[in-house]
Amino acid sequence: MAPGASGPPCATEGYVSSACFSPTLQASIGLALIERGAARLGETVRISDGGAVVEADICRPVIYDPESARLKS
């Protein structure tokens, strides 16, 4: 949702293409296309989810083992 919006209908800045619970991270994760996403790493955004509003942090696409250490061991 765009800044200042409290719920739909409102202007959007992107959309979530998929989401699920990660047993490894013990948290929900998702993939999204968002305006200027790479420049917004670390920013918290609000997402409309079936009428509810949830917050999500924009992070790098690789959130588990970004250095590939598990492959090297």
Side-chain angles (χ1 to χ4, degrees):
M1 281 188 272
S6 60
C10 64
T12 63
E13 297 181 284
Y15 67 94
V16 176
S17 60
S18 60
C20 66
F21 181 79
S22 167
T24 302
L25 298 174
Q26 290 295 299
S28 295
I29 59 173
L31 295 174
L33 298 172
I34 189 164
E35 290 179 20
R36 302 178 344 273
R40 298 170 67 181
L41 295 177
E43 183 178 327
T44 300
V45 293
R46 292 177 297 141
I47 300 169
S48 175
D49 179 21
V53 176
V54 296
E55 290 189 341
D57 297 325
I58 299 176
C59 63
R60 293 179 48 214
V62 180
I63 57 175
Y64 183 72
D65 193 24
E67 289 83 30
S68 299
R70 289 177 46 112
L71 292 175
K72 298 173 188 171
S73 58

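Remember, predicted model here, so these are calculated numbers, not experimental data. We're numbering straight along the sequence, starting at 1. Computed from heavy atoms alone, side chains included, the values below leave out hydrogens, waters and symmetry copies.
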Between the side chain of Arg40 and the main-chain N/O of Cys59, is any donor-acceptor distance below 3.5 Å? no

Given 3.5 Å as the limit, does a donor-acceptor pair link the side chain of Ser17 with the main chain of Leu31, or not?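 Between the backbone of Leu31 and the side chain of Ser17 there is a qualifying donor-acceptor contact (under 3.5 Å).
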
Under 4.5 Å between any side-chain heavy atoms of Val45 and Ile34, yes or no?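 The answer is yes; the side chains approach within 4.5 Å.
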
Minimal non-hydrogen separation, Ala19 against Val16, with atom names: CB-CG1, 4.3 Å

Closest approach of Ser22 to Ile29 (non-hydrogen atoms, all atoms of both residues):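 Distance-wise, the nearest heavy atoms are CB-CD1, 4.0 Å.
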
Please indicate whether Tyr15 has more than 12 foreign heavy atoms, meaning atoms of other residues, nucleotides or ligands, lying under 6.0 Å from its OH. no

Between CZ of Arg36 and CG of Leu41, what distance do you get to the nearest 0.5 Å?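 Interatomic distance, Arg36 CZ to Leu41 CG, rounded to 0.5 Å: 12.0 Å.
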
